[in-house]
Amino acid sequence: MTTQDLEPMFDRAARQFNSNLKTLDDDVLGLEEWLNTQPHLPKLLDKNSLRNFVILNKCSFEIAKQKIDNYFSIRAKLPEIALGINPKLPYHRTFNEAAFLVEHPQLTDEMYRLTFFQVKGESLPESYEPINFVKKFHTIQEMRLRDDVMCGDVVVVDYRGFPLSIALKVTPMLVYKTLLFYEGILSARLKAIHSINTAPYIMNIVRALKSVIKPKVFERLHFHPDLDSLKKVIRPDLLPVDFGGEGLSLQELEDALEEKYRKNQDLFDRIDKIKVDESLRPQKLEDSEFLGYYGNFKKLEID
């Protein structure tokens, strides 16, 4: 969608926080002026990106400024997640050979974006690395920041074909750093994770994660005994046929997403070059509610 096409949706999103499109765009102008006083930050965020930073931070101008600085400055502190995400790299093809990770083109009634994960074939290969899921999800978020209205994410995960050997690679630290980057730096907002075909060992791992994330997150985890249960919370027309719904297939959604990657290749090439020159920072970087800027990660609570 063009910037103009998204304006009614941005207006609706802003009104959730007692704002509107005019006030939102006034904030964008303010952010553009502020960015011009921050010579250490790259010039990579367009108007829609800045609108989304304001929306994702509940129309708080000051918090949006902090998160924009985070977006650029903290990547070097989380290189395994934030760097090397270009879809032309081998990890992307390797991931696509093993599983689907796709977004739905239609928002839910609440204006949330649906993302679906499902294994291709009988099982994930032993060589599968969960960090590649994180990287591909990150690429989707980078594109959405620029061409979507980001009110929140709903993720649907099918654990069929997800063996114990792979599940053990999903460490608490990996999950923690992923959430840290997702919410503390990208400013994204997780609304729900719906899971099906969840094996007992997956549940054991979920319980182990209580040591790194707060109870609010667990309230957003939903485990469904079957597809009929899932259909009660997600409309059938928004569910791919692979999940028993009436929507497009996962393969059709993947084909559309891959075309989107091709159109955004220049964006990812520019993201590869993100570098913050701290010597040009006009004032000292302050500590954050979400993370210690010099690597002392804090416990994360997602809004």
Side-chain angles (χ1 to χ4, degrees), residues 75 78-104 114-144 153-182 186 188 190 192-209 211-213 217 221-224 227 230 240-243 249-258 260-262 268 271-272:
R75 290 172 184 262
L78 297 169
E80 65 272 40
I81 292 172
L83 304 181
I85 66 165
N86 198 311
K88 68 183 179 184
L89 295 175
Y91 88 89
H92 187 87
R93 182 181 67 255
T94 300
F95 181 94
N96 283 356
E97 290 171 352
F100 291 105
L101 183 63
V102 297
E103 63 176 2
H104 197 286
L114 287 161
T115 303
F116 297 92
F117 172 86
Q118 189 177 81
V119 173
K120 296 179 180 179
E122 293 298 319
S123 178
L124 289 172
E126 289 298 318
S127 60
Y128 175 85
E129 293 296 335
I131 190 66
N132 290 340
F133 172 98
V134 179
K135 287 185 175 184
K136 186 169 183 185
F137 191 72
H138 178 182
T139 62
I140 293 172
Q141 296 298 110
E142 290 283 6
M143 292 188 293
R144 288 188 58 214
D153 288 312
V154 175
V155 181
V156 183
V157 178
D158 182 356
Y159 281 107
R160 177 195 57 78
F162 204 97
L164 174 61
S165 59
I166 303 299
L168 291 174
K169 296 181 182 181
V170 184
T171 64
M173 183 54 71
L174 173 61
V175 173
Y176 174 73
K177 287 184 176 182
T178 299
L179 290 173
L180 180 68
F181 188 80
Y182 170 80
L186 287 177
L190 179 66
I193 299 179
H194 295 281
S195 301
I196 61 171
N197 295 317
T198 311
Y201 53 79
I202 298 292
M203 295 303 301
N204 290 337
I205 291 174
V206 170
R207 284 189 284 269
L209 297 178
S211 64
V212 294
I213 53 180
V217 177
L221 304 182
H222 308 278
F223 301 94
H224 298 271
L227 291 173
L230 183 62
V241 293
D242 313 73
F243 282 84
S249 70
L250 291 175
Q251 187 59 62
E252 289 173 307
L253 294 175
E254 182 179 78
D255 291 343
L257 184 60
E258 289 302 309
K260 191 174 175 181
Y261 281 125
R262 284 188 284 273
F268 291 106
I271 288 173
D272 280 346

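It should be emphasised that the depicted structure is a prediction, and the values quoted were computed from it without experimental measurement.
Distance CG/L78 to CD/E80: 6.0 Å, rounded to 0.5 Å. In this structure, NZ in K177 is found 8.5 Å from OG1 in T171, a value given to the nearest 0.5 Å.
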(message) Walk me through whether H138 and I271 qualify under side-chain contact (heavy atoms from CB on, under 4.5 Å).
(response) CA-CA 12 Å; H138 178 182; I271 288 173; 5.8 Å; no
(request) Run the numbers on Y182 and V134 for side-chain contact (heavy atoms from CB on, under 4.5 Å), then give the verdict. (result) CA-CA 9 Å; Y182 170 80; V134 179; over 6 Å; no
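Counting only heavy atoms from C-beta outward, the side chains of K260 and E103 approach each other to under 4.5 Å. In this structure the side chain of I140 reaches within 4.5 angstrom of the side chain of Y261, judged on heavy atoms. With contacts defined as side-chain heavy-atom distances shorter than 4.5 Å, the pair Y91/I85 qualifies. Q141 is listed as a side-chain neighbour of D153, based on a closest heavy-atom distance under 4.5 Å. Taking the side chain as every heavy atom from C-beta outward, S195 and L221 never approach each other to under 4.5 Å. Side-chain contact between F95 and Y128 is present, with at least one heavy-atom pair separated by less than 4.5 Å. Contact check for T178 versus F137: no side-chain heavy atoms found under the 4.5 Å cut-off. Using a 4.5 Å heavy-atom cutoff, the side chains of D158 and V119 are not in contact.
The stretch residues 117-130 participates, sequence neighbours left out, in these salt bridge (charged side-chain N to carboxylate O under 4.0 Å, His left out) pairs: K120-E254, E129-K169.
Test V155, T115, V154, V206 against I193 for side chain to side chain contact (heavy atoms under 4.5 Å, CB included) and you get one pass: V155.
The closest side-chain donor-acceptor pair between R93 and N96, if any, does not fall under 3.5 angstrom.
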